[in-house]
*Asks:* 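Please find one structure pasted underneath; my questions will follow.
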Amino acid sequence: MKIPFNKPYLTGKETSYIEQAVRSGKISGDGIFTKKCHEFFEQRYGFRKVLLTNSCTDALEMAAILLDIKDGDEVIVPSYTFVSTANAFVLRGANIVFADSNDQNPNIDADSIEPLITSKTKAIVVVHYAGIACDMDKIKAIAEKHGLYVIEDAAQSIDSYYEGKVLGSIGDLATFSFHETKNVISGEGGMLAINNKSFAERAEIIREKGTNRSAFFRGEIDKYGWVDIGSSFLPPDIVAAFLYAQLENIENIQNRRKEIWQRYYTGLKELEENCLIKLPQIPHYATNNAHMFYILCGENERDDLIQHLKKKEILAVFHYLSLHKSRFYHDKHDGRVLPNADSYSENLLRLPFFYELEENDQHMIIREIKDFYS
Ligand SMILES: *Cc1c(COP(=O)(O)O)cnc(C)c1O
């Protein structure tokens, strides 16, 4: 394929930082680069407390443990999302109550949440799709009224804001991903942001196999032992070294990605004006972190467009399949129809998007899409 969908970008410092981590003699978790990454997030974005994990999936699993999710608890999750958003809670015995997307963008329809709440509901998990914020004031108000936790799956939303508040700082807990398909990467990688203070101490314990080793290393206690359930959620410092090289470059990465996003938007605007496709809409309360560029095709057009682009060696890809219809969950779902989630499943197409995407190639992609619709 001449133009892939994604290509991991390296800033150039990754390998020298990894070498530094290796030479430091401490390559397991919570070494110098992990500390640097934690400080970066706390200083640049004002997060109260963050913990690197091996993935966003790990961070979601930690969230489910922290919330004490038990058999029969209900968790409200959008159907249009990655499996881990739901699976992390299913692992703890939760029943997932799937919510629909709204019709402006694939984010959870905030107005659809309240009727889904029962006496068993424990939490609302939101996903800021494509790095565009959900309607957080509305969602927080519903959660407060019913005494529910809010978890932000912020896997795609690094460096993006809701009404001036950084995404990942609004819910009780938030989870980030540094998988190679995200804006800032470490191969596999993730982070839990702990905004609700009451979870801070236990989060460290759960991440360290249920032990209070973190407090021991800080010299707060003189022995450490098994105090809770947990697992090994912390990444080796080698991975944090890679990530730190990326974080140091975040400004540059984000500027470049925003240029690419804007070029698609300007280039494809005409097709939207002619009602042939729809382009992403950014609500007034949200910023755009240029995580991805998607278009919404008309009914039954997407596969032909994918094929058309494939012939020109351009790889464009669809995204999630509604989880309420998945092989694993369809017979556990309560049967409600979720038309917007299904519509995004069927019509949303993601265009090649990566730091090194050349301007010429991008113009070619735009031309080919216009050619398809002419
Ligand atoms: C990428 C992604 C995940 C999973 O991230 P990993 O780091 O691969 O575990 C979860 N949720 C959403 C919305 C994602 O985009």
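For the single chain, residues carry numbers from 1 onward in sequence order. Indexing begins at 1, ligand by ligand and atom by atom, following the structure's order. No hydrogens, no waters, no symmetry mates; every other heavy atom, side chains included, goes into these values.
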*Asks:* Between Y162 and H128, does the ring centre distance come in under 6.0 Å?
*Replies:*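 Ring-ring flag for Y162/H128: false, centres at least 6.0 Å apart.
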*Asks:* Mind checking whether V97 and R336 have side chains closer than 4.5 Å, heavy atoms only?
*Replies:*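 The answer is yes, as the side chains (C-beta and beyond) meet within the 4.5 Å cut-off.
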*Asks:* Between the main-chain N or O of M191 and the side-chain N or O of T53, is there a donor-acceptor pair closer than 3.5 Å?
*Replies:*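 Yes; judged by distance alone, with no hydrogens or angles, the pair exists.
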*Asks:* Report each N/O pair between ligand 1 and the protein that falls under 3.5 Å, naming both atoms.
*Replies:*
{"unit_1": "ligand 1", "atom_1": "5 (O)", "unit_2": "S177", "atom_2": "OG", "d": "3.3"}
{"unit_1": "ligand 1", "atom_1": "7 (O)", "unit_2": "C56", "atom_2": "N", "d": "2.8"}
{"unit_1": "ligand 1", "atom_1": "7 (O)", "unit_2": "S177", "atom_2": "OG", "d": "2.7"}
{"unit_1": "ligand 1", "atom_1": "9 (O)", "unit_2": "C56", "atom_2": "N", "d": "3.3"}
{"unit_1": "ligand 1", "atom_1": "9 (O)", "unit_2": "T57", "atom_2": "N", "d": "2.8"}
{"unit_1": "ligand 1", "atom_1": "9 (O)", "unit_2": "T57", "atom_2": "OG1", "d": "2.5"}
{"unit_1": "ligand 1", "atom_1": "11 (N)", "unit_2": "D153", "atom_2": "OD1", "d": "3.4"}
{"unit_1": "ligand 1", "atom_1": "11 (N)", "unit_2": "D153", "atom_2": "OD2", "d": "2.8"}
{"unit_1": "ligand 1", "atom_1": "15 (O)", "unit_2": "Q156", "atom_2": "NE2", "d": "2.8"}
{"unit_1": "ligand 1", "atom_1": "15 (O)", "unit_2": "K182", "atom_2": "NZ", "d": "2.9"}
{"unit_1": "ligand 1", "atom_1": "15 (O)", "unit_2": "Y320", "atom_2": "OH", "d": "3.4"}

*Asks:* Of all residues at least two apart in sequence or in a different chain, which pass the side chain to side chain donor-acceptor pair (under 3.5 Å) check with S345?
*Replies:*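 Here the qualifying residues are S322.
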*Asks:* Nearest heavy-atom pair of R92 and I229: which atoms, and what distance?
*Replies:*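 Of all heavy-atom pairs spanning R92 and I229, the closest is NH2-CD1, 3.3 Å.
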*Asks:* Tell me yes or no: between the side chains of Y344 and N105, is some donor less than 3.5 Å from an acceptor?
*Replies:*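 There is no such pair (donor and acceptor under 3.5 Å, judged by atom type) between the side chains of Y344 and N105.
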